[in-house]
Protein chains: 2
Amino acid sequence: MRKKGSYRIKDIAIMSGVSTGTVDRIIHNRGKVSEEARIKVEEVLKKVDYRPNIVASALASKKTYKFVMLIPAFSKGDYWEIVNQGIERAEEELSGYHIEIERVFFDQYDKDSFDKQMEILEGMEFHGIVIATLFKDSVLRFTTRLDKMQIPYVLIDAFIENTHCLAYYGTNSFNSGYIAAKLMYQQIGPDDKLAVFRFIRKGDSCSTQVLKREEGFRTYLDENHFRGTIYPVHIHADDNEGNRNILDSFFLLHGDVKAGIIFNSRVHVLGDYFKARKKKDFKLIGYDILDENVAYLNNGLVTHLIAQRPEVQGVNCVRDLFRHLILKEKVKKMNFMPIDILIKENISYYNNYI
Amino acid sequence: MRKKGSYRIKDIAIMSGVSTGTVDRIIHNRGKVSEEARIKVEEVLKKVDYRPNIVASALASKKTYKFVMLIPAFSKGDYWEIVNQGIERAEEELSGYHIEIERVFFDQYDKDSFDKQMEILEGMEFHGIVIATLFKDSVLRFTTRLDKMQIPYVLIDAFIENTHCLAYYGTNSFNSGYIAAKLMYQQIGPDDKLAVFRFIRKGDSCSTQVLKREEGFRTYLDENHFRGTIYPVHIHADDNEGNRNILDSFFLLHGDVKAGIIFNSRVHVLGDYFKARKKKDFKLIGYDILDENVAYLNNGLVTHLIAQRPEVQGVNCVRDLFRHLILKEKVKKMNFMPIDILIKENISYYNNYI
């Protein structure tokens, strides 16, 4: 016997002793069919557990679906470039269907730019949307509107409660900070001093994910009786010279700080600094497998990178909209990514195998 | 313009202004076609970079392919059960094609049982085979025969040099041992004592993978100036009482051994022992995400598990035979799995997302 789901209309027709046209009419519930034929065919359908081939119908359908990706603008080597590679992959996978994917970009360091794009989206027609959740309050306002319009949305990056999202892809940010603390604590003593580097943004709000990671980080240290000092150090996006001055002043005052962490994907900015200052003994932990970060992991200036398979997230966000809207399948709501621990010794084998 | 590869015969026909029958005859090089039509169609085919739909032809083909999986027999919860889940998944994926997958099992602790199955396979007809590489010399003899018969084979578990395998899936065993040593060394001092637990097998040979892991482990410690003592402790597969006696005697003599490692997937056997003896401070590292191992990671008796995505390996072994034999695609030879580092804090998020 064949596998479930691999029976074609032709097979069903042969097995029931009727024409393919008759089977087709019964399956799609159209046209007239003799009662006798209906009984015979339905028996066979039950026996082989026949499910109509939605994929084939979707392929043949003329309806075009528009998906919007509301994600941060990126340059080459950015975190969001890798998410976008996943989106591109899904786009290719689904190229046989009539799906149009539009990317709407905002500046991840500027809440206003996100709010502006939300307004523009109000006037646009689309069937489903993927939303990067860097600005919690704005996202909440937006998803309330989407709920009213019954447009499904998938959240990506940090989970935001009190939405009716179709699905969420991202890490448990608290736990990913908690784990970073464990990895750091293996390298320092309970009375040591360490730095938490923070990127200052134009807007006043800090990304949800970054806040949650720091919370997890501090919780681990508290739970494990860390008695040392944690210094917050504020640096600026894309201001290398300014950052160098800030860091120089900081280390002039606090030369005994021997470890540090940054909760976004820009640990390479600090790698640049420590490399330039020939500080080799500093224990530095960061996030995400950007090429520049990986280079610092390889040369030992970064001790750990925590990664969350951004490409897998990108692929699955699009797939879920597709599965929900076109295949009418149920999709899983909470999709926490693995929290991958990367060190110099395993980074070269890191591969999503998607 | 449509994406490459998404043009159907119907589209080509419209674009060239001929009938679909004519396009079909040209593509499949059969029947008579006017020179004028041929030129028009070939121009369009070139323009849209048309590649005949091999998938569709394979689906329609009547030829049945037989794939053999020569893998260890497993019980519920074993490592090879998870590999087999991957094989099942590929089987389901490819259920529309005429592929028959036969599993041929051997006892992973008994080289003779592997050799016996090889002999049986000599008399069998099959088109491709996946071979678990636990017994290097036997595999080498077998693949020499396969090479002569031009039957493609995929190696899984440990890489074996000097074969002409179609593909390999597995970890770099040396590096996965090297990484285990780094994780252990974070928890012990340079003069500490530690145990390497080894499973004694019925045959005299030890699995290639286990040997390579231990080699990597010892290399890391040597390179990092470990001056302590490493005690090999030999235990036996499926002899719980005997093992308890061996371990009791060992710890009676060497109560100061505070850390240990086992290079196969049976760390749960040691977990059972330490749990029974209420030894909580022992640092234990193991391999593979068997449910029983994960339980010991969660309760703190095991500090790290190193995992290698067995399900992903199983899926891809079968997919590669399919892609090579049926789709005539080129497949990648060396496929090193990620070396995933699992701790209590990230284990619950571990997921292959395949």
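Worth knowing before you read on, the calculation uses all heavy atoms, side chains too, and leaves out hydrogens, waters and symmetry mates. In what follows, chains carry the letters A, B, and so on, assigned in the order in which the sequence lines appear, proteins first and then strands, with residues in each chain numbered from 1. Note that the structure is a prediction, hence the values are computed from the model and not measured.
Most heavy-atom pairs under 4.5 Å with chain A: of the set Ile341(B), Ile343(B), Asn335(B), this distinction falls to Ile341(B). Looking only at heavy-atom pairs under 4.5 Å with chain A, the residue among Asn175(B), Asp340(B), Leu342(B), Thr171(B) that has the most is Asn175(B).
Interface residues of residues 181-191 of chain B toward chain A, defined by a heavy-atom distance below 4.5 Å and sorted by number: Lys182(B), Gln186(B). Among the residues in residues 297-306 of chain A, those with a non-hydrogen atom closer than 4.5 angstrom to a non-hydrogen atom of chain B are His304(A).
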**Request:** Start with the C-alpha distance between Glu345(A) and Tyr178(B), add both sets of side-chain angles, then the distance that settles side-chain contact (heavy atoms from CB on, under 4.5 Å), and finish with yes or no.
**Result:** CA-CA 8 Å; Glu345(A) 290 82 2; Tyr178(B) 192 87; 3.7 Å; yes
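Here the OH-CD1 distance, from Tyr349(B) to Ile179(A), works out to 7.5 Å after rounding to the nearest 0.5 Å.
In this structure, chain A has no heavy atom under 4.5 Å from any part of Ile347(B).
Around the CG atom of Asp291(A), the shell of radius 6.0 Å holds no more than 12 heavy atoms that belong to other residues, nucleotides or ligands.
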